[in-house]
There are 2 protein chains.
Amino acid sequence: VYAGEWIAVDWGSTHRRAFRVGQDGEVSDRMSDDQGILSVPEGGFPAAAAAVRERLGELPMLMSGMVGSTRGWVEAPYLDCPLDLAMLADRLMAAPAPDCLIVPGVRDLGEGRADVMRGEEVQLLGAIALGRADPDGLSCLPGTHNKWVRTRGGAIASFQTVITGELFALLRGKGVLSSHLEAAPQFGDAFLDGVRQARNGTPLTDLFRVRAGPLLGVLPLEDASSYASGLLIGSDVLSGLRSYRAGERIALIGSPGLTGLYAATVRELGGEADEIDGEQAFLAGMTALARHLS
Amino acid sequence: VYAGEWIAVDWGSTHRRAFRVGQDGEVSDRMSDDQGILSVPEGGFPAAAAAVRERLGELPMLMSGMVGSTRGWVEAPYLDCPLDLAMLADRLMAAPAPDCLIVPGVRDLGEGRADVMRGEEVQLLGAIALGRADPDGLSCLPGTHNKWVRTRGGAIASFQTVITGELFALLRGKGVLSSHLEAAPQFGDAFLDGVRQARNGTPLTDLFRVRAGPLLGVLPLEDASSYASGLLIGSDVLSGLRSYRAGERIALIGSPGLTGLYAATVRELGGEADEIDGEQAFLAGMTALARHLS
């Protein structure tokens, strides 16, 4: 049923995006709104999914993200690493509506690790399918919850989550640093100062400079947000680079503004990286899964 | 005027505590409420201070903490390190009310540092006056904003703030970890697991275990809060121990529950520490300052 037109849905906690995909993988229409799973009332998923079809057509739907979590429509239990695209395509979960399939999340319980992802697996496997991410390499999917992923033979071998984006949002929303973090972080000297400071290995200790620096006139207030962003992203990237091998090119998959900051950070800290648009990677992953079904 | 009875006030952002102190330093009455400086309306400080005198007596008042900040009653500008008790006593700031003095805060602009404290200087110099903190040693004042302080010849020589308490509160209040951090952190195996994990040097990366661990059954939900506390306090203490010298005993000054967790962490990470009650240290510091005035 996924041989002709179908609908790809990226259904997260607070937002969803949906795309009508044609036979050759081209997108002929799209929508996005703030109907994330947390805003769907109990029993409301059939109607919420029907609204997508009203908008984009009565077509088969393939969904990924938090829609498959315990708080979502139907739980699609986590699959273990290592996991490649064909294995993922074999384990799609049917939702109780005609031609609605949900992509399961992935868990990593190897060597003392305990980690989960939902949605990033589609983007990453899509980037590999596109030939943009190394099937035997290191990838990074910055966002609210960044994921560092080691792939082997085209499969997700292991991964680790860093809550960098969420932490920045929390610090920005409330507390003693919040009034100093109002500016949008941007690349520049202040950002790089933060990245270099992250090398010190004590990001939680160095965060207070965001407050005391402007107070004492040694950090311009308008630079504080970029400094903090550099410090947190720098710390995030340093942890990711621990498994970096010389010569590797890290695949940075996500929204261009954010992958740009991560790319600059990787370079500053001695690695090399390529940026891949997260939406393209998502569509490539979903299209590859749909092909397995047809 | 501070030779007889007087009132010591610890006036912070969200709370204040006040003590009537007798000629020999004994406390004969006390009060505490949530009238921190952030809840005092513009122009409301004379009335807010009068309310303390109505309760404890028409006596001279000596105040420390955020009451001397730009948002407080009168700004008592930061004094530079090194700073000892006699120097601090020489720079008390008069508030515009009879016999009302405010203790200035301290700043550290040495060697690339930029840091400030308000209130902790009284506790620390008090602990030294009590003979409980080393005049040439390392002290730690855990709280919302922990301070690591190096003292030399009884003076505050340098210090660094770590926002451990605030960060824990932010993570607990909102976001993907919040529902897993409801339990009060306590000393035990989960706390020590967090402390040991902090040695890895990537606390921001390791925080997500708080979410994924219970989800995957490898960390009991009731242990998640203690693990997170151990991870954050462990990271805090590791940064403090960077300037630790073998044989030193760190003075941990604060509320007993919190200094207990820090003491256990210091021991686990190879240092030695003594716990000193923050209220006793505050009263000793204020009494020593009052003696300089009389």
Side-chain angles (χ1 to χ4, degrees), chain A residues 13 69-70 78 105 107-109 112-117 144-148 160-178 197-198 200-219 231-236 238-240 242, chain B residues 13 69-70 78 105 107-109 112-117 144-148 160-178 197-198 200-219 231-236 238-240 242:
Chain A
S13 295
S69 71
T70 50
Y78 293 109
R107 70 181 181 192
D108 180 4
L109 280 168
R113 292 187 300 274
D115 218 319
V116 292
M117 64 166 70
T144 308
H145 294 165
N146 182 29
K147 310 284 180 186
W148 286 94
Q160 188 150 36
T161 300
V162 201
I163 61 165
T164 306
E166 175 165 333
L167 191 61
F168 191 74
L170 286 173
L171 292 168
R172 214 174 185 184
K174 206 178 159 187
V176 76
L177 306 187
S178 61
Q197 188 62 36
N200 199 28
T202 54
L204 302 182
T205 300
D206 297 319
L207 264 178
F208 194 66
R209 189 179 186 86
V210 169
R211 174 89 194 159
L215 202 60
L216 299 179
V218 300
L219 174 68
L231 183 60
L232 294 181
I233 293 178
S235 177
D236 180 342
L238 278 170
S239 77
R242 290 192 174 191
Chain B
S13 295
S69 71
T70 50
Y78 293 110
R107 69 181 181 191
D108 181 5
L109 280 168
R113 291 186 300 274
D115 218 317
V116 292
M117 65 165 71
T144 307
H145 295 164
N146 181 28
K147 310 285 180 186
W148 286 93
Q160 189 152 36
T161 300
V162 200
I163 62 165
T164 307
E166 175 165 334
L167 191 60
F168 190 74
L170 286 173
L171 292 168
R172 213 174 185 184
K174 206 177 158 187
V176 74
L177 306 187
S178 61
Q197 188 64 35
N200 200 28
T202 54
L204 302 181
T205 300
D206 296 320
L207 264 179
F208 193 65
R209 190 179 186 86
V210 168
R211 174 88 193 161
L215 203 60
L216 299 179
V218 301
L219 174 67
L231 183 60
L232 294 180
I233 293 178
S235 176
D236 181 342
L238 278 170
S239 77
R242 288 192 176 193

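Just the heavy atoms: all of them, side chains too, but no hydrogens, waters or symmetry mates, feed the values below. The sequence lines fix the lettering, A, B, ..., with proteins before strands; numbering per chain opens at 1. Fair warning: this is a prediction, and the values are worked out from it, not measured in the lab.
Counting heavy-atom pairs closer than 4.5 Å to chain B, the top-ranked of the candidates Gln160(A), Arg107(A), Glu166(A) is Glu166(A). Interface check for chain B: of the options Val176(A), Leu219(A), Thr202(A), the most heavy-atom pairs under 4.5 Å are formed by Val176(A). Among the candidates Thr205(A), Val218(A), Leu215(A), Leu232(A), the residue making the largest number of heavy-atom pairs closer than 4.5 Å to chain B is Thr205(A).
Both the backbone and the side chain of Leu204(A) come within contact range of chain B, judged by heavy atoms closer than 4.5 Å. For Val116(A), the parts sitting under 4.5 Å from any heavy atom of chain B are the backbone and the side chain alike. Proximity to chain A is limited to the side chain of Leu167(B), based on heavy atoms less than 4.5 angstrom apart. Within the 4.5 angstrom heavy-atom criterion, atoms from both the backbone and the side chain of Leu177(A) approach chain B. Contacts of Ile163(A) with chain B are made by both backbone and side-chain atoms, with heavy-atom separations under 4.5 Å. Within the 4.5 angstrom heavy-atom criterion, atoms from both the backbone and the side chain of Asn200(B) approach chain A. Both the backbone and the side chain of Leu171(B) come within contact range of chain A, with heavy atoms under 4.5 Å apart.
Listed by chain and number, the residues in a salt bridge (charged side-chain N to carboxylate O under 4.0 Å, His left out) with Asp236(B) amount to none (sequence neighbours excluded). By the salt bridge (charged side-chain N to carboxylate O under 4.0 Å, His left out) test, Arg113(B) is found to be paired with Asp108(B), residues two or more places apart in sequence or in another chain being considered.
When all heavy atoms of Ala198(B) and Leu238(B) are compared, the closest pair comes out as O-CD1, 3.3 Å. Pro203(B) and Ser235(B) get closest at one heavy-atom pair: CG-OG, 3.4 Å. Nearest heavy atom pair, residue Ala212(B) against residue Ala114(A), reads CB-O, 3.3 Å.
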Which is it for Thr161(A) and Asp115(A) under the side chain to side chain donor-acceptor pair (under 3.5 Å) test, yes or no, and what are the steps along the way?
CA-CA 7 Å; Thr161(A) 300; Asp115(A) 218 319; 2.6 Å; yes

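Under 3.5 Å, the side chains of Gln197(A) and Asp206(A) contain a donor-acceptor pair of N or O atoms.
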